[in-house]
Peer 1: 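One structure, as structure tokens, below. Some questions next.
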Amino acid sequence: MPSTPLSLSFDRRRALAALGGLALAPLALDAQAQAFRPGQPIKVLIGVPAGGTQDVLTRAIAQQVRDALGPLIIDNRAGAAGRIAAETVKTAAPDGHTLLLGTASMMTMFPSAYRSLSYDPIKDFVPIINAARFELALTVHKDVPANTLAEFIAWAKAQGDKLSFGSYGAGTPSHFLGEMLNRAAGLKMVHVPYRGSSPARQDLMGGTVPVYFDTVGGAQQMLPTGRAKVLATSGEKRSPLMPNLPCFVEAGYKDVVATAWFAYYAPLKTPQPVVDKLRAEFTRAVNAREVRQLLLQNGMYPIADGSEALLKTMREDTARWAGIMKAVNFQATD
């Protein structure tokens with residue numbers, strides 16, 4: 001019966017091919033894992049000018065991971081409120097050697113702020129670690145006739161729409177903290193966006209803008225100059241870094257809460273073994289005692305959340321900020 005040998009021969013070839021495929025599968029996984037080249041530089045794109053807290057955080061991590069991963073090199077790609085940095089990493093080779101330091105603004109606010117965003121924070125990146133969070137603070141020029149939040153509210157109401165407040169960028173937590181306070185306290189402050197925190201601080205201390213919603217760390221830096229006052233912070237409780245100041249919630253403005261964070265991302269399709277290695281080393285770095293102390297000194301709280309916790313935070317924050325933007329009828333124009 002000629003059909004039997006042919007059938008057996010065909011089945012045997014098919015089985016051998018299947019076995020060969022199984023044998024090659026670990027090799028394919030190994031090749032993926034080898035996309036990362038230990039010891040070669042890892043470029044971290046940061047969407048703001050050099051010298052800010054994002055640089056501080058990344059340099060602190062770099063010192064801890066150098067032996068295990070290689071040097072971390074900061075690449076400040078300022079412009080378009082960080083969107084240039086995100087767009088660049090989105091299209092980078094997924095080999096673990098180009099990473100993004102994503103902010104709460106870039107990853108949870110911009111999807112609602114911009115009608116056409118050139119990247120999807122959830123679909124275009126692989127989350128590595130949420131490294132640190134921070135709160136904001138209401139800061140005013142030294143000549144503003146208010147030393148408490150209550151005094152500021154009374155004075156600001158009297159100014160009507162002649163009072164302006166600065167933020168470190170349109171569509172950022174700094175911007176919307178001011179808008180939330182406007183709504184909660186019945187103020188009419190006019191928003192003045194800056195391209196980053198450094199120029200905003202300079203103008204506040206110089207008296208060009210009387211009110212600025214800075215990070216707590218940035219506010220701390222201005223206090224020794226004697227040219228700025230800090231009146232309140234934006235967490236749900238008093239800031240451990242400024243425990244003598246009330247938060248807006250404590251003062252009766254329960255909806256005036258704004259916290260933000262810094263997280264690291266890799267391009268989509270970065271091999272899982274590479275992501276796991278990066279996450280393990282970055283987590284170890286953030287949890288190092290000297291790094292935690294440095295972050296606290298610069299107004300940041302170390303958290304070291306993994307990918308699942310970071311994705312949960314992103315989804316929750318995206319929904320919250322979308323509601324706030326809708327309430328104030330905000331749409332970014334740049």
Peer 1: Any salt bridge between Glu281 and Arg284, counting N to O under 4.0 Å?
Peer 2: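 Salt bridge flag = yes for Arg284 with Glu281.
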Peer 1: When rounded to the nearest 0.5 angstrom, what distance separates CG in Leu136 from OG in Ser167?
Peer 2: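 Rounded to the nearest 0.5 Å, the CG-OG separation comes to 10.0 Å.
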Peer 1: Same cluster or not: are Val126 and Ile122 linked, directly or through other Ile, Leu, Val, Met, Phe, Trp or Tyr residues, by side-chain heavy atoms under 4.5 angstrom apart?
Peer 2: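 They do not share one cluster, since no chain of ILVMFWY contacts under 4.5 Å joins Val126 to Ile122.
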Peer 1: When rounded to the nearest 0.5 angstrom, what distance separates OG1 in Thr233 from CG in Asp214?
Peer 2: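 Thr233 atom OG1 to Asp214 atom CG measures 13.0 Å (nearest 0.5 Å).
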Peer 1: Measure the spacing between CD of Gln40 and NE2 of His97 and express it to the nearest 0.5 Å.
Peer 2: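 The NE2 atom of His97 is 6.5 Å from CD of Gln40, to the nearest 0.5 Å.
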Peer 1: Main chain of Ala219, side chain of Thr139: is a donor-acceptor contact present, judged purely on distance under 3.5 Å?
Peer 2: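 No, Thr139 side chain to Ala219 backbone: no donor-acceptor pair under 3.5 Å.
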Peer 1: Does Val209 offer a backbone N or O that forms a donor-acceptor pair with the side chain of His141 under 3.5 Å?
Peer 2: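 Side chain of His141 to backbone of Val209, a donor-acceptor pair under 3.5 Å: no, none is there.
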Peer 1: Do side-chain atoms of Lys277 reach the backbone of Gly96 as a donor and acceptor pair under 3.5 angstrom?
Peer 2: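 It does not hold such a pair.
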Peer 1: Using modelled atom types only, decide if a donor and an acceptor are shared between the side chain of Thr283 and the backbone of Ala304 within a distance under 3.5 Å.
Peer 2: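 Judged by distance alone, no pair lies under 3.5 Å.
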Peer 1: Kindly give the heavy-atom pair with the smallest separation between Ala170 and His191, and that separation in Å.
Peer 2: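 Nearest pair, atom of Ala170 first, then His191: CA-CE1, 3.9 Å.
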Peer 1: Is it true that a side-chain atom of Tyr119 and a backbone atom of Met106 form a donor plus acceptor pair closer than 3.5 Å?
Peer 2: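 Yes: the side chain of Tyr119 pairs with the backbone of Met106.
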Peer 1: Would you find more than 12 non-hydrogen atoms of other residues, nucleotides or ligands less than 6.0 Å from Arg238 atom CZ?
Peer 2: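 For Arg238, atom CZ is crowded (more than 12 foreign heavy atoms under 6.0 Å).
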Peer 1: Please name the pair of heavy atoms, one in Pro210 and one in Leu163, separated by the smallest distance, quoted to 0.1 Å.
Peer 2: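 Closest pair (atom of Pro210, atom of Leu163, distance): CG-CD1, 3.5 Å.
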Peer 1: Using ring centroids (six-membered ring only for Trp), state whether Phe134 and Phe262 fall under 6.0 Å.
Peer 2: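 Yes, they do, as the ring centres are separated by less than 6.0 Å.
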Peer 1: For the side chain of Lys229 and the backbone of Val144, is there at least one donor-acceptor N/O pair under 3.5 Å apart?
Peer 2: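 Between the backbone of Val144 and the side chain of Lys229 there is a qualifying donor-acceptor contact (under 3.5 Å).
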Peer 1: Between Glu135 and Thr215, does a side-chain contact (heavy atoms from CB on, under 4.5 Å) hold up when you go through it step by step?
Peer 2: CA-CA 6 Å; Glu135 297 164 347; Thr215 64; over 6 Å; no
Peer 1: Just to verify, what does Gln331 make a side-chain hydrogen bond (donor to acceptor under 3.5 Å, both in side chains) with, not counting sequence neighbours?
Peer 2: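 For Gln331 there are no side-chain hydrogen bond (donor to acceptor under 3.5 Å, both in side chains) partners, ignoring immediate neighbours.
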Peer 1: Whether the side chain of Arg279 engages the backbone of Ile128 through a donor-acceptor N/O pair (distance < 3.5 Å, no angle test) should be reported.
Peer 2: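 Side chain of Arg279 to backbone of Ile128, a donor-acceptor pair under 3.5 Å: yes, one is there.
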Peer 1: Salt bridge check: are Arg320 and Glu316 linked by an N-O gap of less than 4.0 Å?
Peer 2: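 Salt bridge between Arg320 and Glu316, a charged N being under 4.0 Å from a carboxylate O: no.
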Peer 1: Can you sort out the partners of Asp55 under side-chain hydrogen bond (donor to acceptor under 3.5 Å, both in side chains), two or more places apart, ordered by chain and number?
Peer 2: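 Asn76.
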Peer 1: Run the side-chain contact (heavy atoms from CB on, under 4.5 Å) test on Ser239 and Tyr301 for me, step by step, so that the C-alpha distance in whole Å, both residues' side-chain angles and the decisive distance to 0.1 Å come before the verdict.
Peer 2: CA-CA 10 Å; Ser239 168; Tyr301 307 109; 2.9 Å; yes
Peer 1: Quick one: closest heavy-atom pair of Ile84 and Ala78, and the distance?
Peer 2: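 Heavy-atom minimum between the residues: CD1-O, 4.2 Å.
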Peer 1: Closest approach of Val140 and Val211, non-hydrogen atoms and distance?
Peer 2: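 Distance-wise, the nearest heavy atoms are CG1-CG2, 4.3 Å.
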Peer 1: Could you go through the side-chain contact (heavy atoms from CB on, under 4.5 Å) check for Tyr265 and Asp124 one step at a time?
Peer 2: CA-CA 10 Å; Tyr265 298 84; Asp124 290 334; over 6 Å; no
Peer 1: Determine the minimum heavy-atom distance between Ser112 and Met325, stating which atoms define it.
Peer 2: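 Shortest heavy-atom contact: CB-SD, 3.6 Å.
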Peer 1: Here's a test for you: under side chain to side chain contact (heavy atoms under 4.5 Å, CB included), which of Val192, Val190, Asn182 qualifies with Phe165?
Peer 2: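 One option only clears the test, and that one is Asn182.
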Peer 1: Taking atom CD1 of Ile153 and atom CG of Leu231, what is their separation to the nearest 0.5 Å?
Peer 2: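 Between Ile153 CD1 and Leu231 CG, I get 9.0 Å after rounding to 0.5 Å.
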Peer 1: Please identify which of these residues, Asp317, Asp305, Thr103, Thr313, meets the side chain to side chain donor-acceptor pair (under 3.5 Å) condition with Trp261.
Peer 2: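 The single option meeting the side chain to side chain donor-acceptor pair (under 3.5 Å) with Trp261 is Asp317.
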Peer 1: Within the distance-only criterion (no hydrogens, no angle test), does the side chain of Lys142 pair as donor or acceptor with the backbone N or O of Thr225 below 3.5 angstrom?
Peer 2: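 No: the side chain of Lys142 does not pair with the backbone of Thr225.
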Peer 1: The test is side-chain contact (heavy atoms from CB on, under 4.5 Å); show your working for Leu295 and Leu57 and say whether it passes.
Peer 2: CA-CA 7 Å; Leu295 297 187; Leu57 170 63; 3.6 Å; yes
Peer 1: Using only atom types and a distance under 3.5 Å, with no angle test, would you say the side chain of Gln159 pairs donor to acceptor with the backbone of Trp155?
Peer 2: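 Side chain of Gln159 to backbone of Trp155, a donor-acceptor pair under 3.5 Å: yes, one is there.
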Peer 1: If every non-hydrogen atom of Asn147 is compared with every non-hydrogen atom of Glu151, which pair is closest and at what distance?
Peer 2: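 Scanning both residues, the minimum pair turns out to be N-OE1, 2.7 Å.
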Peer 1: Could you measure the distance from the CG atom of Leu45 to the NZ atom of Lys90? Nearest 0.5 Å is fine.
Peer 2: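 So the CG of Leu45 and the NZ of Lys90 are separated by 15.0 Å.
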Peer 1: How are the rings of Tyr264 and Phe282 set relative to one another: parallel (under 30°), tilted (30 to 60°) or perpendicular (over 60°)?
Peer 2: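 Tyr264 and Phe282: perpendicular rings.
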Peer 1: State whether the side chain of Thr91 and the backbone N or O of Thr88 hold a donor-acceptor pair below 3.5 Å, judged by distance alone.
Peer 2: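 Checked: pair present.
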Peer 1: Between Phe176 and Phe330, does a ring-ring contact (aromatic ring centres under 6.0 Å, His included) hold up when you go through it step by step?
Peer 2: CA-CA 10 Å; Phe176 286 107; Phe330 173 77; 5.1 Å; yes
Peer 1: Is atom CZ of Arg183 surrounded by more than 12 heavy atoms (other residues, nucleotides or ligands) closer than 6.0 Å?
Peer 2: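 12 or below, so no.
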Peer 1: Can you measure from CG (Asp75) to CD1 (Ile42) and round to the nearest 0.5 angstrom?
Peer 2: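 Taking CG in Asp75 and CD1 in Ile42, the distance rounds to 14.0 Å.
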